[in-house]
J.: 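Questions regarding the structure given below will be posed in turn.
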Amino acid sequence: MKIKKTERAKIPATEKAAQYNFYTDVWSVAKKIPRGRVTSYGAIANYLGAKSSARLVGWALNMSHGTGEKVPAHRVVNRNGMLSGKMHFGTPTLMEELLLKEKTIVKENKVVDFEKKFWDPGKELSL
DNA sequence: GCATTGACGAAGG
DNA sequence: CCCTTCGCCAATG
């Protein structure tokens with residue numbers, strides 16, 4: 001999906017989540033992450049045009065809780081490959097286990113071979 | 001309505 | 001090269 005980056009970053013957040021394109025976009029991108037692959041908040045933010053607002057991606061994923069949206073947030077880690085959001089999965093080990101099921105090895109709260117498993121949303125069409 | 005924080009990241013020391 | 005600080009933008013107190 002092609003998005004006007006500059007516009008995406010200027011979307012107000014005072015509206016309902018359903019209207020908040022940024023959130024829905026983040027979820028959409030997250031859902032596109034191939035199984036066994038991972039990406040970073042910054043990569044998604046950059047893809048949405050809010051590169052300097054990687055934190056918003058974290059908020060967006062956090063908002064996905066209770067929305068019924070099945071967002072594979074466990075495939076999203078920080079730029080260092082660390083499972084910075086593992087504590088938000090109900091149990092501190094749930095994120096690791098979900099990744100492990102996808103053959104993504106986690107060691108010391110970090111994704112092993114993160115660079116190899118890294119998936120850039122901007123290259124989804126370049127597969 | 002102002003101040004603080006947060007699932008981040010880049011830059012500076 | 002590791003640690004600290006600042007910037008981003010929205011949510012929460």
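Throughout, a chain's letter reflects where its sequence line sits, starting with A, and its residues are numbered from 1. Note that these values count all heavy atoms, side chains included, but never hydrogens, waters or copies made by symmetry.
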J.: Between B:dA7 atom P and A:Lys86 atom NZ, what is the distance in whole Å?
T.: 14 Å
J.: Tell me whether the count of non-hydrogen atoms from other residues, nucleotides or ligands lying under 6.0 Å of NZ in A:Lys31 goes above 12.
T.: yes
J.: So which heavy atom on A:Ala43 is nearest to which on A:Pro121, and how close?
T.: O-CG, 3.8 Å
J.: To check you understand the geometry: which heavy-atom pair defines the closest contact between A:Thr67 and A:Trp27, and what is its length?
T.: CG2-CH2, 3.9 Å
J.: Where the side chain of A:Ser84 is concerned, which of B:dA7, C:dC8, C:dA10 is the nearest nucleotide?
T.: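 When the side chain of A:Ser84 is considered, B:dA7 is the closest of B:dA7, C:dC8, C:dA10.
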J.: Sub-3.5 Å donor-acceptor pair from the side chain of A:Tyr47 to the main-chain atoms of A:Asp120, do we have one?
T.: no
J.: Among C:dA10, C:dC8, B:dA7, which nucleotide sits nearest the side chain of A:Leu61?
T.: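 Nucleotide nearest to A:Leu61's side chain: B:dA7.
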J.: Given atom CG of A:Asn109 and atom P of B:dC8, what is their separation to the nearest angstrom?
T.: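 Between P of B:dC8 and CG of A:Asn109: 13 Å.
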J.: Whole Å only: how far is the NE2 atom of A:His88 from the P atom of B:dG6?
T.: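 Going from NE2 in A:His88 over to P in B:dG6 covers 9 Å.
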J.: Taking atom P of C:dC8 as reference, at what distance in whole Å does atom CH2 of A:Trp59 sit?
T.: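 Interatomic distance, CH2 of A:Trp59 to P of C:dC8: 18 Å.
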J.: Nearest whole angstrom, please: distance from the C1' of B:dA7 to the CD of A:Glu96.
T.: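 After rounding, the reported distance stands at 15 Å.
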J.: Detail all sub-3.5 Å separations between protein N/O atoms and N/O atoms belonging to nucleotides 9-13 of chain B.
T.:
from: B:dG9; atom 1: OP1; to: A:Gly42; atom 2: N; distance (Å): 3.1
from: B:dG9; atom 1: OP1; to: A:Arg79; atom 2: N; distance (Å): 3.1
from: B:dG9; atom 1: OP2; to: A:Arg79; atom 2: N; distance (Å): 2.4

J.: With sugar-phosphate meaning primed atoms plus P, OP1 and OP2, does A:Ala45 contact a base, only sugar-phosphate, or nothing at under 4.0 Å between heavy atoms?
T.: nothing
J.: Considering all heavy atoms of both residues, which atom of A:Met95 and which atom of A:Phe89 are nearest to each other, and what is their separation?
T.: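 Heavy atoms of A:Met95 and A:Phe89 come nearest at SD-CE1, 3.6 Å.
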J.: Can you see if the side chain of A:Tyr23 gets near the phosphate of C:dA11 - specifically, an N or O under 4.0 Å from OP1 or OP2?
T.: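 Checking C:dA11 against A:Tyr23, a side-chain N or O does come within under 4.0 Å of OP1 or OP2.
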J.: Please check this pair: side chain of A:Arg75 against backbone of A:Ile33, looking for a donor-acceptor N/O pair closer than 3.5 Å.
T.: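 Checking the backbone N and O of A:Ile33 against the side chain of A:Arg75, a donor-acceptor pair under 3.5 Å is found.
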J.: Expressed as a whole number of angstroms, how long is the span from A:Asn46:CG to B:dC8:C1'?
T.: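 Nearest whole value for this atom pair: 13 Å.
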J.: Should we count NZ of A:Lys51 as having more than 12 external heavy atoms under 6.0 Å?
T.: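 No, not enclosed.
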J.: Round to a whole Å and report the spacing from CE of A:Met87 to C1' of B:dG6.
T.: 10 Å
J.: Regarding A:His65, tell me which of base, sugar-phosphate or nothing describes its non-hydrogen contacts under 4.0 Å with the strands shown.
T.: base
J.: Specify the separation, in whole Å, of atom CG of A:Leu48 and atom P of B:dA7.
T.: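 From A:Leu48 CG to B:dA7 P: 20 Å.
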